Amino acid sequence: MSIYSHKKIEKKWQKYWEEHELFRARDDSPKPKLYTLIEFPYPSGEGLHVGHPRPYTAMDIISRKKRMDGYNVLYPIGWDAFGLPTENYAIKTGQPPAKVTKKNIANFTRQIKSLGISFDWSREVNTTDPAYYKWTQWIFLQLFKHGLAYKSKIAINWCINCKIGLANEEVVGGVCERCGGPVEKRLKDQWMLAITKYADKLLEGLKEVNYIPQAQTQQENWIGRSEGAEIDFKIQGSGRNIRVFTTRPDTLFGATYMVLAPEHELVGQLSESISNLKDVEEYIAQAKRKSDLERTELQKEKTGVELCDVRAINPANNEEIPVWVADYVLGGYGTGAIMAVPAHDERDWGFAKKYGLKIYPVVLPYGGSTTFGNSMVQVRKEVVNKIIDVQPFIREGFNIESKFLNGLKTAEAKIKMIQWLEKEKIGACKIQYKLRDWVFSRQRYWGEPIPLVFCEACAKFHKGESVGEQTNPGWIPLPESELPLKLPAVKKYEPTDTGESPLSAMSKWVNTKCPRCGGAARRETDTMPNWAGSSWYFLRYIDPRNDKEFASMDALKQWMPVDWYNGGMEHTVLHLLYSRFWNRFLFDIGAVPAREPYKKRTSHGMILAKGGEKMSKSKGNVVNPDDMVEQYGADTLRTYIMFMGPFDQAVEWDPQSLVGVHRFLERVWTTSERVSNEAPCPKNIIRQEHQSIKKVGEEIEVMRFNTAVAHLMTFSNTLYKLEKVPRGAYKTLLVLLSPFAPHVCEELWAMLGHKSSITEEKWPAFDSALLEEETFELVIQVNGKIRDKYIVSFGITEEALRAEVLKRPKVEAVLNGAKPQQFRYISGKLVSIVA
RNA sequence: GGUCCAGUGGUGGAAUGGUAUACACGCAACACUUAAAAUGUUGUGCCCUCAAGGCAUGCGGGUUCGAGUCCCGCCUGGACCACCA
C-alpha cells in the first residue's frame, strides 16, 4: 500500500501550475470572462492566520470550477500594505517601513503559495509601490480638480494613543477602532472627500447589484437617506432664525417647543437675551465633557436646560414656544436643531414628560372610515389624549387642529405643508443623509503623500485652473509628469508632538517650487488613509503594468465589473462604500466603463479559536496555517476549512476534526490501487456518480461547501468499499474533488496515466435520466404517526398501492377494522392515512 | 432600546412542509499486532434487560393528513446599529 505523502506532491504541482501558467487570465481569450475577487490582505508581521484561507479557498474552488466550466477567470492577488502596524513596528525598531513591508510580503507570498490557491500571480499589485500609488495620487487629483476634495477646519476625532485623526467611521462605540483607546475632539485642518455629493448615486446603484441582504441594508443605513423639510422659526425680538430639519412637516402645528444641540452656534449669539446664561453655559460645558460613548449610553434619562426669555414663533399658528438646549439633539445631524412635537415623537415625548412641556396632538389614527364628523373627531381626540398620556402616537394618520391640513392623510399633509412653506418662504423640501464627508488626511508617514503644494502667491493672485483650485485657494496640484510623488526617507517615523506628520520635519522636502508660478511653496505633509489604495485595486489588477494610465479602457471593458466579490462583514460598510464611490466618480469622468464595480458580494464567517473566542496574538490562541500544511498538507487544510460549517457563519477551530478530512483524502488515495478498466459499473454507482455531479456543482455555486464535501465523502466511501473500482466513476470523483484538494487530485490523475493537468478537464455534466432510482422506501403514516415502511417500485399505481398498504399487518392492527377516512399518497415518498 | 440572524445527539453540523439526527469528530466493542499506533468491522439521541412501544429539534400555543421547517407569544445567545428629528 502506497502512502499519501503531501510533502512530495504539493510542491511539485504548485511548480507545475506556475510553469504552465495554468491560472493566467488571458486578455485575448474568446471564452466568456469571470472576474472573481477576494479582499487583498494586509501583510502583517505575524504572517498568515487560519482565517485568511477561508475566503481564499472558497473563491479558489469557485474559480477552479468555473475554469472547468469554460470561463476565462481572473482571480488576482495583491497587498494592501500601507498601514499603522507596519509604521508602529518601524517606530519601535527603527527599520524603514518599506523594508519591513517587503519582508512581510515575501513571507505572505510563501504562505499563500503553499496553499495552492489558483491566483494569477502575474498581476500582483502592491499599494506601497510607487508605480501603484502614482495612480492613487492621480485619482486623488482628479477628485480635487472636480471639486470633490476640500480642506476644512473641523472637529475631528483624535485618538490620544495613535496620535492620529480618525474618520467618524473608525470610531466604534466612542473608542478608537484600532487600539480601543479614548478619542477626543480636536480642531484640525483636514482634507475631506465630498462623498455626500454621491449619496444618491451610491444609493441608486444598490438597485443594480446583487449583494447579500446584510451588506445591502448596511449600505442603505449608512447612507441614511430621509426626506423631509427644513423650516425656519423666528426668534422673538432678535431678528434671528432657528432652522430645523424634520421628516414630519405635517406635524408642525403640534410643535410645542424647540431644542438646540449644545454645540449650536445660536446659543452664543443669543447669550445676551438668555436670563439664565450661567445655567446654560454650565450645561453645555457638561455635555462637552461627556464622550460620545457617555452621551449615547445615557440614553434613558434625557437632560436639558431652557433658554429662559428666549421664545420662538411656530410659523404655522404664530404661537410662542420655549427654546431648550439638550444633548439628545446631535450637532452633526440635520441642522443641529429640532422642532419638538412631543405628541408624535418618542424622544420629544419623553423629554416633554420629564420637564412638563405641552403635548398637543395633531394626528389621529385612521379609523374604519376616512370621513369623520366633528363630534367623532372630538370623541377620538379624547381617546388619543388618553393614549398620549402613556405614549406618543408616532405612526401615520390624519391631521386635526391643523387648519389647512385638517382631514388629510399624513402623506398628503406632508406635501401640502411643504407647498405652503415654500409659498410663504419659511421652509423647503429637503433630503437629509446620515452619511458624512470622508476625512482623507492622516498625520502619518506610512501612506501615500498627497500631491498638492500650497503657494501663497497663487492664493492671492491666481484664479485657479480647476474647481478644486478655486474652492481651495493657493492649493496647486502637481502636474502628472511629477507623479508619483515619492515618500522621502525620514529618520524618525513618529508623528510629531503637535500631531503633524513626520514629513513636516523635513524642510528640504517640504519647501519646494510652485508648479504654477514657480514661486516658493510648501508641500502638503499629511498622507492618505489606508482606504485610499484599496478603493481602486480591483481596477489595477486588470492592467497592472500600464505606466500610461491606471488601466486602459480596452482592458477595463473586457474585465469590469467584478463578477463576484467575497469579503468579511467588517468591510461591508466602509471599504465597499469608499470603493464604490471612487469607481462611480471614475465612471462619471469617463475613466471606467461600469457604473457599479461589484456585481455580486458575498461574505464569510470568522474562524474562532476553541471556546468561541477571537484569535489574537495577545491571547496566544492563533493557529498558524504553516503548521497545518506541514503536518497534514494544504489539501487537508483547504478541505477541512470548507467542511467545518456553513461558509457564512462563524466556526470554531477544532484540530481534532481535521483528521477526519485527512482520512478521507487518504481513502481517496488508496482507492486508486483498486481502479480497474474491466470493472463493470453497476447502475447504483452510475446513479450516485450523477447525483454527486449535480449536488457538488450546485452547492459550490451557492457556497454550500460543507455539504458539497459531505457528498464527496459519501461517493468516495461507496467506491472505497468496492473490490474493483470502475475507472470512470473514480475519474469523476477526482474531477469533482479537484477544486477542493487540487494537489492530490493532480497526482492521482497523473497516476491514472493522464498527460495533462486535471485543471484542464471539463466539469462533467449529469444526465437527469440517470439520477432517478427505481424503488423507494414507502413510509406509511396513520394519524400522523409512522407505522410501517417497505420498499416499492416507482412505477406502482396508487390503486395497487392502496390495496397493498391496507393489507399490511401493522396498518391493519392500527386501523382495527375501521375504514380509513382519508388516504393520501405523496408520490415517491409516503402514504398518509386518517382513520 | 431598535433591526437582523440563530437555538437540532457528547461535539461540528445535515434535512424543496413528507422516514429528524446525512457527513464527520468523539466514544465503545471486536479484528489485525508480542504490544502500541495506524487501519478495518460493528455499534452509538433518550426511556425500556430484549422486543414491542413511547419520548425527543429552547419554551408555550396555532395552522396542517403531516411542522426542525409556516404563523402568534415568550426565553436564551450572537451580529449590526445606537437619541438620525
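All values derive from a computational prediction rather than experimental measurement. Below, chain A is the first sequence line, B the second, and so on; all start at residue 1.
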Within this structure, what is the [atom1]-to-[atom2] distance between [X] and [N], rounded to whole angstrom?
| X | N | atom1 | atom2 | value |
| --- | --- | --- | --- | --- |
| F705(A) | A14(B) | CZ | P | 14 Å |
| D648(A) | C80(B) | CG | P | 15 Å |
| I338(A) | C83(B) | CD1 | C1' | 10 Å |
| E666(A) | U39(B) | CD | C1' | 10 Å |
| D788(A) | G18(B) | CG | C1' | 16 Å |
| M606(A) | C80(B) | CE | C1' | 12 Å |
| E699(A) | G13(B) | CD | P | 17 Å |
| M569(A) | U3(B) | CE | P | 18 Å |

Are there over 12 heavy-atom neighbours, none belonging to [X], within less than 6.0 Å of that residue's [atom1]?
| X | atom1 | answer |
| --- | --- | --- |
| K353(A) | NZ | yes |
| E346(A) | CD | no |
| Q822(A) | CD | yes |

Could you pick out which residue, T714(A) or T247(A), lies toward the 5' side of RNA chain B when each is mapped onto its nearest nucleotide?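 Counting from the 5' end, the first nearest nucleotide belongs to T714(A).
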Mind checking [X] for me? I need base, sugar-phosphate or nothing, with any heavy atom below 4.0 Å counting as a touch.
| X | result |
| --- | --- |
| P213(A) | nothing |
| T335(A) | nothing |
| Q656(A) | sugar-phosphate |
| F643(A) | base |
| Q821(A) | nothing |
| N706(A) | sugar-phosphate |
| N783(A) | nothing |

Counting side-chain heavy atoms from C-beta on, which of [options] comes nearest to [X]?
| X | options | result |
| --- | --- | --- |
| K785(A) | C55(B), G18(B), A22(B) | C55(B) |
| I786(A) | C23(B), U19(B), C65(B) | U19(B) |
| R787(A) | C65(B), A24(B), G54(B) | G54(B) |
| Q822(A) | A85(B), C65(B), U39(B) | C65(B) |
| S832(A) | U19(B), A85(B), G18(B) | G18(B) |
| R663(A) | C25(B), U19(B), C23(B) | C25(B) |
| L830(A) | A24(B), U41(B), G18(B) | G18(B) |
| Y333(A) | C84(B), C83(B), C23(B) | C84(B) |
| M713(A) | A14(B), C25(B), A24(B) | A24(B) |
| R667(A) | U16(B), G40(B), A85(B) | G40(B) |

Across all strands, who's sitting opposite [N] as a Watson-Crick or G-U wobble pair, both distances under 3.5 Å?
| N | result |
| --- | --- |
| G18(B) | C65(B) |
| G9(B) | none |
| G1(B) | C81(B) |
| C46(B) | G54(B) |
| U34(B) | none |
| U41(B) | A29(B) |

Could you give the distance separating [M] and [N] at their [atom1] atoms, to the nearest angstrom?
| N | M | atom1 | value |
| --- | --- | --- | --- |
| C72(B) | G77(B) | P | 23 Å |
| A67(B) | C55(B) | P | 13 Å |
| G9(B) | G26(B) | C1' | 12 Å |
| A37(B) | G45(B) | P | 25 Å |
| U19(B) | G73(B) | C1' | 31 Å |
| U3(B) | U69(B) | C1' | 23 Å |
| A20(B) | C46(B) | C1' | 14 Å |
| U33(B) | U16(B) | P | 46 Å |

Salt bridge (Lys or Arg N to Asp or Glu O under 4.0 Å) evaluation trace for E630(A) with K7(A): CA-CA 8 Å; E630(A) 166 73 19; K7(A) 285 189 190 166; 3.0 Å; yes
E39(A)/R54(A) salt bridge by N-O under 4.0 Å criterion: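 Salt bridge flag = no for E39(A) with R54(A).
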Is K789(A) salt-bridged to E777(A), going by a charged N under 4.0 Å from an acidic O?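 Salt bridge flag = no for E777(A) with K789(A).
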Donor/acceptor link under 3.5 angstrom from K721(A) side chain onto base of U41(B):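 No.
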Regarding G9(B), purine or pyrimidine glycosidic angle vs 90° from 0 gives syn
Axial cation check for Y328(A) ring with R347(A), 6.0 Å and 45° limits: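 Judged by the rule, R347(A) and Y328(A) form no cation-pi pair.
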Among H662(A), R663(A), Q631(A), H6(A), exactly one meets side chain to side chain donor-acceptor pair (under 3.5 Å) together with T636(A). Which residue is that? H662(A)
Hey, are Y790(A) and E804(A) close enough side-chain-wise for a donor-acceptor pair under 3.5 Å? yes
Please determine if a side-chain N or O atom of S226(A) lies less than 4.0 Å away from the OP1 or OP2 oxygen of A85(B).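 For A85(B), OP1 or OP2 has a side-chain N or O of S226(A) closer than 4.0 Å.
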